[in-house]
Amino acid sequence: MSRTSRLYELMMKRETMRLRQKADALGGLVGDQTRLSDLDAKLAELIVENSQDRGTQTVSALRSQAFYGREMAEQREFAQNRLEFLGREIETAQMQLAQSKQKEKMLEERAAQERRLLAQDALDLADKLRPAQKIERKL
């Protein structure tokens, strides 16, 4: 194996490792997004439940309802902002993953081309070093 061929092989392996790391990071982001969207849905349900009219209530019950309503609204706003941020992060991670895959494919093609050239050079050298055969004719 030539030095160039070996170099391409090593570069391809390094890119494969980076590709796995990026795929793992993307999986983590998607998992976070899923958990956060579940939390957002639960908060939406709680806000609707909290805002329902329960008839006559005491002052402390009204204060409590207002306080928890504000807290849930803040938490939901935080969750929605975080979901938006995660959406952008996932898009960026997907683009980087695609670029990494493309780079790995390109390096793989170059390594294969280098191996083919090396094999062809070896065949050419073998043909060149092979003694010429005499062709005998029988009459």
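- The two atoms that bring S100 and L19 nearest to each other are CB-CD1, 3.6 Å, heavy atoms only.
- Grouping the Ile, Leu, Val, Met, Phe, Trp and Tyr side chains by contacts below 4.5 angstrom, directly or via other members, places L107 apart from M17.
- Residues satisfying the salt bridge (charged side-chain N to carboxylate O under 4.0 Å, His left out) criterion with D127, sequence neighbours excluded, are R130.
- Contact check for L7 versus M11: side-chain heavy atoms found under the 4.5 Å cut-off.
- When all heavy atoms of S5 and R115 are compared, the pair lying nearest together is OG-CG, 3.7 Å.
- Grouping Ile, Leu, Val, Met, Phe, Trp and Tyr residues whose side-chain heavy atoms lie under 4.5 Å apart, directly or via other members, leaves M106 alone, with no other cluster members.
- Screening residues 78-99 for side-chain hydrogen bond (donor to acceptor under 3.5 Å, both in side chains), with sequence neighbours left out, gives E84-R88.
- The CD atom of E77 sits 12.0 Å away from the CG atom of L43 when rounded to the nearest 0.5 Å.
- Looking at residues two or more places apart in sequence or on another chain, you find no side-chain hydrogen bond (donor to acceptor under 3.5 Å, both in side chains) involving E49.
- Rounded to the nearest 0.5 angstrom, Y8 OH and E114 CD are separated by 6.5 Å.
- Listed by first then second residue, pairs satisfying side-chain hydrogen bond (donor to acceptor under 3.5 Å, both in side chains) with a partner in residues 61-76 read D40-R76, not counting sequence neighbours.
- When hydrophobic side chains of Ile, Leu, Val, Met, Phe, Trp and Tyr are connected at separations under 4.5 Å, L62 ends up as a singleton with no cluster partners.
- With sequence neighbours left out, the side-chain hydrogen bond (donor to acceptor under 3.5 Å, both in side chains) criterion links D32 to R35.
- The hydrophobic cluster containing L117, built from Ile/Leu/Val/Met/Phe/Trp/Tyr side-chain heavy atoms closer than 4.5 Å, comprises no other residue.
- S60 pairs by the side-chain hydrogen bond (donor to acceptor under 3.5 Å, both in side chains) definition with T58, not counting sequence neighbours.
- Counting only residues at least two apart or in different chains, salt bridge (Lys or Arg N to Asp or Glu O under 4.0 Å) contacts with residues 18-28 comprise E15-R18.
- Partners of T16 under the side-chain hydrogen bond (donor to acceptor under 3.5 Å, both in side chains) rule, at least two apart in sequence or in another chain, are E104.
- L29 approaches A93 most closely through the heavy-atom pair CD1-CB, 4.1 Å.
- A continuous path of hydrophobic side-chain contacts links L46 to L36 [ILVMFWY only; heavy atoms under 4.5 Å].
- T34 is linked by a side chain to side chain contact (heavy atoms under 4.5 Å, CB included) to V30, D38, counting only residues two or more places apart in sequence or in another chain.
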